[in-house]
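A short write-up of the structure that comes next.
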Amino acid sequence: MSATGIRLQSVHSRIRAAALAAGRDPQSVRLLAVSKTQAAAAIREAFDAGQRDFGENYVQEAIGKQAELAELPIHWHFIGPIQSNKTRLIASHFDWVHSIDRLSVAERLSAQRPAGKPPLQACIQVNVSGEASKSGCDPAEAAALVRAAARLPGLAVRGLMTIPEPTDDPDRQRAQLESLRTLAQDIVAQGGPALDTLSMGMSDDLEAAIGAGSTMVRIGTAIFGPRAVRTDAPDRASSPGQTLPDSQA
Ligand SMILES: *Cc1c(COP(=O)(O)O)cnc(C)c1O
């Protein structure tokens, strides 16, 4: 088996152990392999090891790899910050988008989703840490944004996504992750729409995120190894990718 396949297996073991420790069904957590900055060949290795969902942060980079891998039935997820001038490409090249943080972006994605395709599966990104540098809407605005986006054709709002503040304090980490779950539960309890997805958990906080209710973990480094630092991408600002390689390497 490839090195990527072996690391993928160990991530599946971590997901399984974390789910069981939390009294959850391991099948209730979906694994999204974050392949930003990784070559198409690495994605192919993960695909050959059974992985089907891949997440990308940079539109142009993703489209190049999608063309190289066009024969593979991959579910492509866009997880990076969204610039308005990129929404048309995102709407036409991806199955999921996790990083809607304002209504204008939701409206553009809705209007630009090609008619023949199924609705774009969507999460609203929430800034649970309150850090000024982080993408995501304010938690107080999340319910209104979810409801407005859920009314748009061409979008299927599935849930919430967050990137918590990196911290060594487990209580602080847990509080941030649980605040996303609570927010989703409150939205559903206050009239919906129904939400079935909590997109949270990365290589370093996968266990804590599953303990707090994550249904989709976004894992890069632990599957593909360390990323090369990109210096050429204009749309990389405020992505966690820019500080890597990180401690999981
Ligand atoms: C890069 C990235 C990840 C994966 O991070 P790792 O620490 O490599 O697992 C997850 N989510 C988002 C939004 C990212 O940009």
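Quick note: numbers below take in every heavy atom, side chains included, and nothing from hydrogens, waters or symmetry partners. Counting convention: from 1, in listed order, for ligands and their atoms alike.
Which parts of ligand 1 touch Ile219 is read off a 4.0 Å heavy-atom cut-off, strictly below it: atoms 9 (O). Shown in contact with Ile163 at under 4.0 Å from a heavy atom are these atoms of ligand 1, numbered in order with element: 13 (C). Within ligand 1, the atoms closer than 4.0 Å to a non-hydrogen atom of Ile79 are 11 (N), 12 (C), 13 (C), 14 (C), numbered from 1 in the order shown. Interface of Thr221 with ligand 1, defined as ligand atoms under 4.0 Å from a residue heavy atom, comprises 6 (P), 7 (O), 8 (O), 9 (O). The ligand atoms of ligand 1 that sit less than 4.0 angstrom from a heavy atom of Arg218 are 4 (C), 9 (O), 10 (C), 11 (N), 12 (C), 13 (C). Every atom of ligand 1 with a heavy atom of Gly220 under 4.0 Å away is listed here by number and element: 4 (C), 6 (P), 8 (O), 9 (O). Using a 4.0 Å cut-off to heavy atoms of Asn57, the atoms of ligand 1 that qualify are 14 (C), 15 (O).
For Lys65 and Glu56, the salt-bridge test passes: some basic side-chain N is under 4.0 Å from an acidic carboxylate O.
Between atom CD of residue Gln51 and atom OG of residue Ser35 there is a gap of 9.0 Å, rounded to the nearest 0.5 Å. To the nearest 0.5 angstrom, Gln38 atom CD is 15.5 Å from Arg44 atom CZ. Summarising the geometry, atom OG belonging to Ser135 is positioned 9.5 Å from atom CD1 belonging to Ile82; distances are rounded to the nearest 0.5 Å.
Taking any N or O of Met161, backbone or side chain, none lies under 3.5 Å from an N or O belonging to ligand 1.
Residue-level proximity to ligand 1 for Lys36 is carried by the side chain, the only part with a heavy atom below 4.0 angstrom.
Within the 4.0 Å heavy-atom cutoff, Asp204 does not count among the residues contacting ligand 1.
Remark: Arg88 pairs with no residue by the side chain to side chain donor-acceptor pair (under 3.5 Å) rule, at least two apart or across chains. Every residue two or more places apart in sequence or in another chain that forms a salt bridge (charged side-chain N to carboxylate O under 4.0 Å, His left out) with Asp196 is listed here: Arg158.
Residues Asp205 and Gln173 are in side-chain contact: their nearest non-hydrogen atoms beyond the backbone lie under 4.5 Å apart.
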